[in-house]
Amino acid sequence: MQAYETIAAPAQAEFVEKRSRFIGYIAPVKTEEEAMAFLSEKRAQHWDATHNVYAYLLRENQAQRYSDDGEPQGTAGQPVLEVLRREGLTDVIVVVTRYFGGILLGAGGLVRAYSHGAKIAVDAARRLRMTPCARLRLQFDYSFYGRLSRLLPRFGVKTAASDFGAAVTVELLVAQEQKTAFLKELEELSAGQVHPEEMGLSWEDMA
């Protein structure tokens with residue numbers, strides 16, 4: 001399993017080119033149903049727009065789809081999709097809405113405009129780098145807490161939860177590629193007294 005990049009939340013940006021108004025929207029989605037629901041929402045919001053062009057890329061089945069929505073073939077949806085590919089994003093949809101301003105842009109102008117609409121939407125969003133992580137539960141005496149706290153940053157480990165009761169209980173997120181080395185260090189540091197319980201695998205933003 002490899003890390004991938006997506007975005008944290010919907011974002012938007014807009015610009016005007018020769019009196020045509022372009023609004024770029026981007027949103028995180030995990031399924032084609034979620035992507036089409038977001039598209040439907042934007043089409044309803046901009047029912048009076050000249051075009052609502054879109055493209056999406058998903059990890060699920062490596063699905064990808066785009067539409068020129070009435071613009072000349074190859075001048076709108078595909079350029080938007082190419083921006084997502086270049087930016088290395090997945091599990092996202094971009095919709096670029098156009099209100100025609102009365103001046104034709106030509107094929108090259110349309111490609112540049114829709115590419116720019118997608119790019120500024122991407123730039124407006126906060127990126128996430130999702131990494132496959134092991135979730136580990138540890139329980140230990142208070143005397144071990146300081147040593148563990150110094151160990152965690154060396155392996156980029158995040159604390160997902162902690163409970164300070166009779167003993168300390170923590171849930172840690174460890175990048176899968178760091179797990180073996182981290183567990184070895186933990187065993188040495190605790191002299192084999194701390195026994196992690198594996199809680200499964202999850203995708204986490206470890207930045």
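Note that this is a predicted model, so its numbers are computed, not measured.
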Q) Do Val80 and Ile7 belong to the same hydrophobic cluster, where Ile, Leu, Val, Met, Phe, Trp and Tyr are linked whenever their side-chain heavy atoms lie under 4.5 Å apart, directly or via other members? A) yes
Q. If you take all heavy atoms of Trp203 and Pro132, which pair is closest and at what distance?
A. CZ3-CD, 3.3 Å
Let me have the donor-acceptor pairs involving side chains of residues 181-188, under 3.5 Å, with sequence neighbours excluded, atom names and distances please.
unit_1, atom_1, unit_2, atom_2, d
Glu185, OE1, Arg154, NH2, 3.4

Q | Minimum side-chain heavy-atom gap Glu17-Leu105 below 4.5 Å | A | yes
**Q.** Rounded distance [0.5 Å steps], CD in Glu5 versus CG in Asp205
**A.** 9.5 Å
Q. Can you check salt bridge (charged side-chain N to carboxylate O under 4.0 Å, His left out) on Glu87 and Lys119, steps first, answer last?
A. CA-CA 9 Å; Glu87 294 292 320; Lys119 181 67 166 70; 3.8 Å; yes
Q. Under 6.0 Å from the CZ atom of Arg127, do we count more than 12 heavy atoms belonging to anything else shown?
A. yes
Q: Measure the spacing between SG of Cys133 and CG of Leu172 and express it to the nearest 0.5 Å.
A: 11.0 Å
Q. Is there a path of hydrophobic side-chain contacts, each under 4.5 Å between heavy atoms of I, L, V, M, F, W or Y residues, that connects Val29 with Leu84?
A. no
Q: Check the pair Glu171, Lys158 against salt bridge (charged side-chain N to carboxylate O under 4.0 Å, His left out), reporting the backbone distance first and the verdict last.
A: CA-CA 9 Å; Glu171 286 189 15; Lys158 285 190 172 182; over 6 Å; no
Q.
Between Leu138 and Thr169, is the side chain to side chain contact (heavy atoms under 4.5 Å, CB included) condition met? List the steps.
A. CA-CA 6 Å; Leu138 282 64; Thr169 304; over 6 Å; no
Q. Would Tyr145 and Phe164 count as a close aromatic pair, with their ring centres under 6.0 Å?
A. yes
Q) Honestly curious: do Met130 and Val174 fall in one hydrophobic cluster under the side-chain, below-4.5 Å linking rule? A) no
Q) Is the shortest heavy-atom distance from the side chain of Val83 to the side chain of Val94 under 4.5 Å? A) no
Q | Under 3.5 Å donor-acceptor, Ser67 side chain and Tyr54 backbone | A | no
Q) For the residue pair Ala121 and Ile26, what are the closest heavy atoms and their distance? A) O-CG2, 3.4 Å
**Q.** Inter-residue atom distance Arg135.CZ - Leu173.CG, 0.5 Å rounding
**A.** 5.0 Å
Q: For residues Ala9 and Ala125, report the shortest heavy-atom separation together with the two atoms involved.
A: O-CB, 4.4 Å
Q: Working to the nearest 0.5 Å, report the span between CG of Asp69 and CZ of Arg98.
A: 11.5 Å
Q: May I ask you to establish whether Arg59 and Tyr4 are in a cation-pi arrangement, using a distance under 6.0 Å from NZ or CZ to the six-membered ring centre and at most 45° from the ring axis?
A: yes
Q | Derivation and outcome, side chain to side chain contact (heavy atoms under 4.5 Å, CB included), residues Glu198 and Arg137 | A | CA-CA 6 Å; Glu198 297 212 22; Arg137 178 181 288 160; over 6 Å; no
**Q.** 4.5 Å side-chain heavy-atom contact, Leu110 and Pro72
**A.** yes
Q) Arg129 versus Met206: any side-chain heavy-atom pair under 4.5 Å? A) no
Q: Tell me whether Leu58 is reachable from Ile93 by hopping between hydrophobic residues (I, L, V, M, F, W, Y) whose side-chain heavy atoms are closer than 4.5 Å.
A: yes
Q) Do Asp68 side-chain atoms and Gly74 backbone N/O form a donor-acceptor pair below 3.5 Å? A) yes
Q. When you measure from the side chain of Thr6 to the backbone N and O of Thr90, does any donor-acceptor pair fall under 3.5 Å?
A. yes
Q | Connected via hydrophobic side-chain network under 4.5 Å: Tyr142 and Val194 | A | yes
(Q) Can a donor-acceptor pair be found, under 3.5 Å and without considering hydrogens, that links the side chain of Ser20 to the backbone of Gly101? (A) yes
(Q) Looking at every non-hydrogen atom in both residues, tell me the closest pair between Ala3 and Thr131 and how far apart they are. (A) CB-OG1, 4.1 Å
**Q.** Nearest-0.5 Å distance, CZ of residue Arg147 to CZ of residue Phe140
**A.** 10.0 Å
Q | Steps toward side chain to side chain contact (heavy atoms under 4.5 Å, CB included) verdict (Glu41, Tyr25) | A | CA-CA 11 Å; Glu41 175 189 316; Tyr25 296 96; over 6 Å; no
Q. Does a donor on one side chain and an acceptor on the other come within less than 3.5 Å for Thr31 and Glu60?
A. no
Q) Is the backbone N or O of Pro28 less than 3.5 Å from a side-chain atom of Asp91, with the two atoms forming a donor-acceptor pair by type? A) no
Q: Would you check if Phe22 and Thr97 make a side-chain contact, meaning some heavy-atom pair closer than 4.5 Å?
A: no
Q) Mind checking whether Asp163 and Val168 have side chains closer than 4.5 Å, heavy atoms only? A) no
Q: Apply the test side chain to side chain contact (heavy atoms under 4.5 Å, CB included) to residues His46 and Tyr99: give CA-CA distance (whole Å), side-chain angles for both, the deciding distance (0.1 Å), then the verdict.
A: CA-CA 9 Å; His46 296 289; Tyr99 286 89; 2.9 Å; yes
Q. Below 4.5 Å, heavy atoms only, C-beta onward: do Tyr114 and His51 meet side chain to side chain?
A. yes
Q) How many angstroms lie between atom CG of Asn52 and atom CD of Glu71, to the nearest 0.5 angstrom? A) 10.5 Å
**Q.** Nearest atoms (heavy-atom pairs only) where Gly192 meets His195
**A.** O-CE1, 3.0 Å
Q.
I want to check something: taking the side chain as every heavy atom from C-beta on, are Val92 and Tyr56 in contact at a cut-off of under 4.5 Å?
A. no
